[in-house]
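This report refers to the structure that appears directly beneath it.
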Amino acid sequence: MKKRLIATFAASALALGISAAQADAHPYAGLSAGYFDGHAGLDQLEGNEGVAGLQLGYHFDKDWSVELGGLEGINSDDNEIVSLTAAYRLLGDETQLLAIGGIQNSSTADSDVEPVLGLALSHYFTDNVEARLSVLGSVEDAEYMTSALSLNYHFGTHQEADVEEPAPAKAEPAVVMTKTLRVNFDNDSSTVR
């Protein structure tokens, strides 16, 4: 499982290295620590434990991102969680509320891959450093829930790029046509010759 996880991360890092056409599209990477709770439907309650791992993500624009994450049990190597999720920014700029959905594979769950839904609260300390608190739960039979605190580094900005307005076209100077008329008068006379 570890070799597959490393290969998946390597392939994702290569894919994320290819930048998109949009100015604010960028990859990010980070570390996570949290808790896996196999609260319903699991026979192995010893699967409840602290987890830690890595994630790689890509922001397509200011609202949408996709993330590949891997978590492993801190106390045992039996609990491995791999997820592929998409996040949508519901509201906020510096502090954001995100809706998350995707698929997840947990080595302690009954099925191989399950759909997951969740929410996250994200705060950007700078344009590059983000802390995120997320809760992600299994949709089918509510088998488990994973909560994690993540610290991400963004290789770009999460805000929209400033769009420079084109400089106004320089107005052509107005052409002023002049014509000089000469009028001659006799001395001490108002009559034009």
Side-chain angles (χ1 to χ4, degrees), residues 1-20 25-60 63-90 96-122 129-156 158:
M1 179 71 176
K2 286 183 183 179
K3 289 181 182 178
R4 284 190 295 173
L5 183 61
I6 291 170
T8 304
F9 274 121
S12 298
L14 180 62
L16 293 175
I18 302 168
S19 85
H26 65 273
Y28 65 92
L31 304 169
S32 292
Y35 188 75
F36 176 83
D37 182 10
H39 55 278
L42 285 181
D43 297 332
Q44 305 171 358
L45 292 179
E46 64 270 9
N48 295 356
E49 67 174 322
V51 290
L54 303 170
Q55 65 271 355
L56 293 171
Y58 196 83
H59 266 278
F60 293 100
D63 293 327
W64 286 99
S65 64
V66 66
E67 182 175 297
L68 175 66
L71 296 169
E72 192 167 307
I74 294 173
N75 299 327
S76 68
D77 290 338
D78 295 339
N79 196 1
E80 294 176 339
I81 304 162
V82 177
S83 60
L84 178 61
T85 57
Y88 179 73
R89 179 176 65 106
L90 296 172
Q96 302 177 354
L97 179 64
L98 307 171
I100 303 173
I103 56 174
Q104 191 171 63
N105 179 10
S106 173
S107 60
T108 59
D110 293 337
S111 62
D112 290 334
V113 176
E114 292 191 24
V116 289
L117 292 174
L119 289 173
L121 184 62
S122 170
V129 179
E130 171 205 15
R132 183 187 304 163
L133 178 62
S134 61
V135 177
L136 203 58
S138 166
V139 175
E140 295 178 3
D141 301 327
E143 283 189 347
Y144 59 86
M145 182 173 63
T146 308
S147 55
L149 179 61
S150 305
L151 185 63
N152 294 318
Y153 183 81
H154 292 257
F155 300 96
H158 76 283

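Just so you know, residue 1 is the first one in the sequence shown, and it goes up from there.
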What is the minimum heavy-atom distance between Leu56 and Ala29, and which atoms define it?
CD2-CB, 3.6 Å

Report the relative orientation of the aromatic rings in His59 and His26; use parallel for angles under 30°, tilted for 30 to 60°, perpendicular for over 60°.
parallel

Only residue of Leu97, Leu98, Asn152 satisfying side-chain contact (heavy atoms from CB on, under 4.5 Å) with Ser122 is Leu98

Does some side-chain heavy atom of Tyr153 sit less than 4.5 Å from a side-chain heavy atom of Tyr28?
no

Tell me, do Glu72 and Glu80 make a side-chain contact under 4.5 Å, heavy atoms counted?
yes

Just so I know, are the side chains of Met145 and Val135 near enough to count as touching, which here means a heavy-atom distance under 4.5 Å?
yes

Distance col, row Ser65:OG vs Tyr58:OH, nearest 0.5 angstrom, shows 11.5 Å

Taking all non-hydrogen atoms of both residues into account, name the closest pair between Leu71 and Ser32 and its distance.
CD2-CB, 3.9 Å

Is the closest side-chain heavy-atom distance between Ile100 and Glu67 below 4.5 Å?
no

Pairwise distance CG(Leu121) to CG(Leu90) - rounded to 0.5 angstrom:
11.0 Å

Spacing of Leu68 atom CG and Ser83 atom OG [to the nearest 0.5 Å]:
7.0 Å

Checking Gln104 against Ile81 for the side-chain contact (heavy atoms from CB on, under 4.5 Å) test, could you report, in this order, the C-alpha distance in whole Å, the side-chain angles of both residues, the deciding distance, and whether it holds?
CA-CA 7 Å; Gln104 191 171 63; Ile81 304 162; 3.4 Å; yes

